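First up is the structure itself, then whatever we jot down about it.
Lettering of chains follows the sequences in order, A, B, ..., and the numbering in each one begins at 1. Please read all numbers here as calculations on a predicted model, not as lab measurements. As a basis for the values below, the full set of heavy atoms in this structure was taken, side chains included, without hydrogen atoms, waters or symmetry mates.
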Amino acid sequence: MTLDLAPCMGVIRAELRRSLMSRYEPKSIEQKWQAVWDEAGVFTARHDPARPKYYVLEMFPYPSGRIHMGHVRNYTMGDVVARYKAAQGFSVLHPMGWDAFGMPAENAAMERGGHPKDWTYGNIEVMRDQMKPLGLSIDWSREFATCDPEYYGKQQAMFIDMMAAGLVYRKAAVVNWDPVDMTVLANEQVIDGKGWRSNAPVERRELTQWFFKISDYSGELLDALDGLTNWPEKVRLMQANWIGQSRGLQFAFTTHNAPEGFDRLDVYTTRPDTLMGASFAAISPDHPLAKHLERHDPTVAAFLAECRKGGTTAEAMETAEKIGLDTGINVLHPFDNNWQLPVYIANFVLMDYGTGAIFGCPAHDQRDFEFATKYDLPIQPVFVAEGAIDAHLTEAYIPMKSERVQYIRGFAGHDVQTGEEAVAAAIEACEARGVGRGVTNYRLRDWGISRQRYWGCPIPVIHCDACGVVPEKKENLPVELPYDVTFDIPGNPLDRHPTWRNCSCPACGAPARRETDTMDTFMDSSWYYARFTAPDAITPTDMAEADYWMNVDQYIGGIEHAILHLLYSRFFARAMYVTGHLPQKAIEPFNALFTQGMVTHEIYQTRDDKGRPVYHLPEDVTTIAVADRKVVVLGDVPVPEEDEISDVNAWIQGLSDEGLLVEVIPSAKMSKSKKNVVDPMNIIEAFGADTARWFVMSDSPPERDVEWTAAGAEATFKHLSRVWALCSRIGDMPADHQGVGDDDLARATAKTVDEVTRAIESFAFNKAIAALYGFTNTLSKANASTAIMKHAIRTLAQLMQPMTPHMAESIWAYQGGEGLCARAAWPVADPALLIDETVTLPIQINGKRRAEISVPADMPASEVEKRALADEAVVKFLAGAPVKKIIVVPGRIINVVI
RNA sequence: GCCCGCGUGGUGAAAUGGUAGACACAUGAGACUUAAAAUCUCCCGGCCGUAUGGCCGUGCCGGUUCGAGUCCGGCCGCGGGCACCA
C-alpha cells in the first residue's frame, strides 16, 4: 500500500501531537480490538431460529482499486445499523462482496496491458486490505465477487431456468455503433455524438439482442410500490414515473397511397380528446412502414440515415433537432373520410413506446406545435381556457389535465370539462363508434441484457444450424470465460477467440457456436443479496437460508441507483420466485431503503493562459492570512509583513496575474480528474478509523452530501482524545467519592440514551452525534458520585460503539464493562427520568415572541392562559388592548392575538 | 429536453406548522506558559443601542394560517437519473 504523505498540514500536526500524548493511540487499540473480534467470531452471521434476524446490506462496491470516502460513509452507515441491531439482540447478517464485472477492467487492459481478471482480483485484494482497518462488523466468510465462476455459473443456471419459463427472448435493438472501430459503444463512450477513441460520429445500428420480459411486470412493479413504505417517497415516485403507466386510445387510421400490406396505421394517443385537432400523423424512423419505404425510395433512405446519426440515449434523441419527412402517404380521419392527414417520418417518435406511430395535435402539444410550424401544417385548437374565445395560438395551450376547459372541437362529454373527463369520454365515444379501444400502456421497456464485451457473465446458449438457439446443459455450467484473450484491437475478444466459440449442440450434438454476448452487469447485482444468504450453496440459493434471512431489512446505497438497479432487482426477485429460487415473501427483496449522499471536497483551481481550468491537489496549495483577508495560493508564497503592503487588493491582483491565486470551489463530487479526492487511508493512518467513521457520520444528514474537510477530521480526533482523557479521569476517581448533581447526571444520561436511540432508528446519525457531543460536555463538567459517573461513561461508550467501536471497547473494558461492548445489550432509558417537571413556554403576541413563562408540565391550559395574561411583560406589551383570541398549545407555545 | 431532489450564519447544520441557528468547524478575545504547542474559558446572523431591548433575516415573488424554514402556486440557482458507467 502506498501512502501519500501529508494531504494537509493538519496531518503532520496530528502526528506530532500524538507523539506527545501517549494516551489515545488509535492505531494500536484498533488493531488489538479487530483481532479480538476476529478471534471471537463476533460478526459471523448465525442462522438462529430462536432469535429475530436482521439483514443489513450496503450496495457492494465496484473494485476500482482504492476505497474512497464515499465507501467509508456508505459502509459506516450500514455498520452503525448492524452494530445497533446486534446490541438490540438481533441475529445480524452484514455481508460484503464485489460487483466485479464491467468495462473498467477491459479499459485497463487496453490502456495498460494485463488481463481484466488479474486487474480485478488484484484490486479486490487491495480494497479488502483497505476496508478491514475500518473495523466494520462484516461477516467476511460470506464474501464473493460476481466474477467468481462459482457465482456467475449460478447466474447462468437461473438464466436457463428463466428462458424455460418464457421470461427471456431475443429481438433486434439499437446500439451505438462506432463505424471506425467497428464496435459497439456504451453510452458513456459516446461524447458529443462521437466515439471516445475514434472520434468518429456514431450511428444507431440494429443488432439481435437478449431481453428480459420486465414489461410483463410493469403493472405489478408499479402497484407494489405502494407497499414499500420504508422506501424514500422520491425513489418510489421516480420508479413510478419510469414505469410510466398511461391510459389512452389505440386505433387504426386507414391509409391512402400506402404500399401493399400497409393499408392500416395503428397509432396510440393519451389525448384522444384532441382527435378533432389532428393535423398530421407521424411514424418512427424504426417503424416497419419507414423501413419498407427506405428500401424503395432513396429520399427516405437518406432521411433515415440522417435520423440514425448520434447516440441511443433518450437525452440525445430529445435534444436533437426535430425533423420530419413527408412520405406522400395520407391517412383518413376516423370520423371524416374526406379529411386526410399527411404521414411524416419524424425522428422524435419512438418505436418502443405505444405503436411507434402517433397523430399530432399542434394546438395542445409543444413538440407537435413546433413541428407543425416548421412544416406549415394547420394548428386547430380543440379547447380554450374557460370563458376564452378561439384565437390564433403562438404556442401550444397545455393546461393541467385536472383543469376545466371549454371544448370547441370536442366530440365527447360536456362542452366544459377537465382534460381527464374528456379523455375518458373520448375513449368511450370512440369505442362506441368502433374506432379503436382504450388501452393501458407503459413507458417501461424490456430489459436488454446483451453486451458485446468480454468481462461479463457469458450468456449460456449455443447457436446450432439445425436446432437454432439452444441453452447449454446445466451440468456443463459454468460456461467459463477463456483466459487467453487480448485487447489490442477493439471489439469483443470472445468473437475472435480461436476455439472457445466452437462447441457441440446440446440438443443434437452437431458442431455449433457459443453465444459471445455477455450479460449486463445489472444482472450480477440483481441477486447478490440472495446469494449472501447461502454463498456456498451448490444451487443459486438455499431455500431454508433464504427463508430465514430474506428480506434485506435495511438496504443502503447511492441515490444514483434509485431507478435501474433497484427496479431490475425487484423484477429479478420475482423472476427468481417464478423459477423456484426465492420464496414468495422475497419478491420485494428490500424492506427498507436508505439513499445516502455523496462525499464532497473543495476543488483548487487556477487557469492556464488560454483560460482553461487547471486543478491542484490539496497538498499543493496553502491558505495564508493577509490583513483581514484569507487567500489560497499555489506553492510557497512568502507572507508579506503587515506594513509591506499598502493595498491588499493590488497585492492579490498581483498574485492572480502571476497565476498563483487559487480559486476555491466548494462541495464538488470527489473525482480524480478534479484532483479533490481524499484518500481514507491517509486519514486512518493519521487519526485512526474511529475518527474517519465518526467524522463521516457527523455534521451532515446522511441523505445529503457531506463536505470532507481536513479541519473537521482534526476536530473529530481532538474530541475523541477528550473522551479518552475523560475516561481516564473517571477511572481514577476514588470509589467512595460523593459528588453533587447525581440526579441531574442520571437524567442527562437517560435523555442521551433516548435521543441517540431515536436518532439511530430514524437514520439521523448526525443528530445522534450532536447528542453525544452534548452529553460529553455535560459529563466532563459534572462532579457526581463515582457510581453515577461510571455508569455515565459506560453508557457513553455503548452509545458511541456503533460509530467508534474500537474506542468504545477500550472504555468499556477500562470501566469494568462485562464482555465485549459490541456484544453488550443496548442501554434502555428509565422513562421516569425522561419527564421534566416544569416547562418554559414562549409567549407570542400576534405571532411574535415577546415573553416566556415557566410552568409545571401538567398545568391545565386554562390556568396557563391566566398565567400568561398576568405576565408582567405581556401586560406591558398589551397596554390594555383587548385580547381577541388566545391559543395555548400544551407544552409548546402560547399565542395572544390582539 | 424529460423525471426527481435540494437551497437556513463565514462553514457543516438543527428545528411533530409553534422561541430560527441545537451540536460542531473556522475566526476573534482571554486564562495557563519564559515562550510556543497542547489544553481550558468566553464571544460569534445583520443593523441600531452602554444595556434592558428593538427592527430585519431561512434563494426570489405571492398565498393559506392565530402562527410558515416547514404547507400551496409561480420563478431562479445547484445536484442526481434518463435504459450499454457502476
Side-chain angles (χ1 to χ4, degrees), chain A residues 13 16-17 20-21 59 61-62 64 99 101-104 175-176 184-190 209 214 232-235 237-242 244 311-320 322 348 352 366-367 444-453 520-522 524-525 558-565 567-568 595 597-598 625 628 630 666-667 669 698-701 703-707 709 711-712 714-716 718-719 721-722 725 764 766-767 769-774 777 840-852 884-887 889 891-897:
Chain A
R13 285 214 302 275
L16 187 68
R17 190 166 58 244
L20 297 172
M21 279 191 41
M59 290 178 186
Y62 179 79
S64 57
D99 189 10
F101 275 135
M103 283 201 311
V175 293
N176 301 305
V184 178
L185 298 178
N187 284 335
E188 72 159 8
Q189 296 172 320
V190 180
Q209 311 242 64
I214 189 172
E233 186 56 44
K234 65 174 168 183
V235 174
L237 189 57
M238 283 158 93
Q239 291 214 352
N241 288 337
W242 186 258
T312 57
T313 64
E315 191 188 357
M317 312 281 277
E318 284 177 49
T319 51
K322 316 272 179 287
F348 59 84
D352 294 310
Q366 191 58 33
R367 200 174 48 187
L444 181 66
R445 308 201 296 257
D446 276 334
W447 176 15
I449 59 144
S450 287
R451 297 293 181 270
Q452 293 72 41
R453 264 181 266 288
D520 179 9
T521 55
F522 275 126
D524 312 337
S525 55
I559 182 67
E560 66 273 21
H561 294 294
I563 297 174
L564 294 180
H565 162 60
L567 191 63
Y568 290 146
T595 53
M598 295 181 297
D628 56 348
K630 285 184 114 186
S667 307
K669 181 175 178 170
S698 65
D699 282 359
S700 287
E703 68 274 16
R704 222 187 279 185
D705 293 349
V706 67
E707 174 101 349
T709 62
E714 226 181 308
T716 297
K718 278 189 205 172
H719 173 73
S721 301
R722 269 195 297 269
N766 55 325
K767 285 192 257 172
I769 283 179
L772 290 169
Y773 268 115
N777 291 340
T840 303
L841 297 178
I843 301 173
Q844 293 183 336
I845 292 166
N846 282 352
K848 279 184 189 269
R849 184 185 170 280
R850 297 298 181 189
E852 62 180 35
K884 280 191 199 153
K885 194 172 173 185
I886 179 163
I887 293 140
V889 183
R892 277 286 178 193
I893 204 166
I894 301 152
N895 193 7
V896 182
V897 186

For this session: Mind checking A:Val175 for me? I need base, sugar-phosphate or nothing, with any heavy atom below 4.0 Å counting as a touch.
Result: base
Problem set entry | Distance between C1' atoms of B:rG80 and B:rG28 (Å, rounded) | 40 Å
For this session: Using a 4.0 Å heavy-atom cut-off across all strands, classify A:Val190 as base, sugar-phosphate, or nothing.
Result: nothing
Exercise. Any idea which of B:rC4, B:rA20, B:rA83 is nearest the A:Asn241 side chain?
Worked result: B:rC4
For this session: Remember a base hit wins even if backbone is also touched, and classify A:Gly712 as base, sugar-phosphate or nothing at under 4.0 Å, heavy atoms.
Result: nothing
Problem set entry | Integer angstrom distance from the P of B:rC42 to that of B:rA35 | 23 Å
For this session: Could you check whether A:Lys884 gets within reach of a base, just the sugar-phosphate, or nothing at all, counting any heavy atom under 4.0 Å?
Result: nothing
Problem set entry | Check: A:Gln452 side chain, B:rC84 base, donor-acceptor under 3.5 Å | yes
Exercise. Which part of the nucleic acid, if any, lies within contact of A:Ala562, taking any heavy atom under 4.0 Å across all strands shown: a base, the sugar-phosphate backbone alone, or nothing?
Worked result: nothing
For this session: Give one of base, sugar-phosphate or nothing for A:Thr716, where a contact means two heavy atoms less than 4.0 Å apart.
Result: nothing
For this session: Syn or anti for B:rG9, please, going by whether the chi angle lies within 90° of 0.
Result: syn
Exercise. Can you tell me how far P in B:rA13 sits from the matching atom in B:rG30, rounded to whole Å?
Worked result: 32 Å
For this session: Determine the contact category for A:Trp447: base if any of its heavy atoms lies under 4.0 Å from a base atom, sugar-phosphate if only primed atoms, P, OP1 or OP2 are that close, otherwise nothing.
Result: nothing
For this session: Scan A:Met238 against the nucleic acid and name what it touches under 4.0 Å (heavy atoms): base, sugar-phosphate only, or nothing.
Result: base
For this session: Give one of base, sugar-phosphate or nothing for A:Gln189, where a contact means two heavy atoms less than 4.0 Å apart.
Result: nothing
Problem set entry | Minimum-distance nucleotide (side-chain atoms of A:Val889 versus B:rG18, B:rA83, B:rA24) | B:rG18
For this session: Taking atom C1' in both B:rC23 and B:rG9, compute the distance separating them and give it to the nearest angstrom.
Result: 15 Å
Exercise. Across the strands shown, which category fits A:Thr319 at heavy-atom distances under 4.0 angstrom: base, sugar-phosphate, nothing?
Worked result: base
For this session: Give A:Asn895 one of three labels, base, sugar-phosphate or nothing, depending on what nucleic acid heavy atoms sit under 4.0 Å from its own.
Result: base
Exercise. The side chain of A:Leu237 lies closest to which of these nucleotides: B:rC55, B:rG5, B:rA83?
Worked result: B:rG5
For this session: Would you classify A:Asn846 as touching base, sugar-phosphate or nothing, given that sugar-phosphate means primed atoms plus P, OP1 and OP2, and contacts are heavy atoms under 4.0 Å?
Result: nothing
Exercise. Just checking A:Gln239: base, sugar-phosphate only, or nothing, at a heavy-atom cut-off of under 4.0 Å?
Worked result: nothing
Problem set entry | Separation of the P atoms in B:rG57 and B:rA38, to the nearest angstrom | 41 Å
For this session: Figure out the CG/P separation between A:Asn777 and B:rC40, and round it to whole Å.
Result: 10 Å
For this session: Answer with base, sugar-phosphate or nothing: what part of the nucleic acid does A:His561 contact at a heavy-atom distance below 4.0 Å?
Result: base
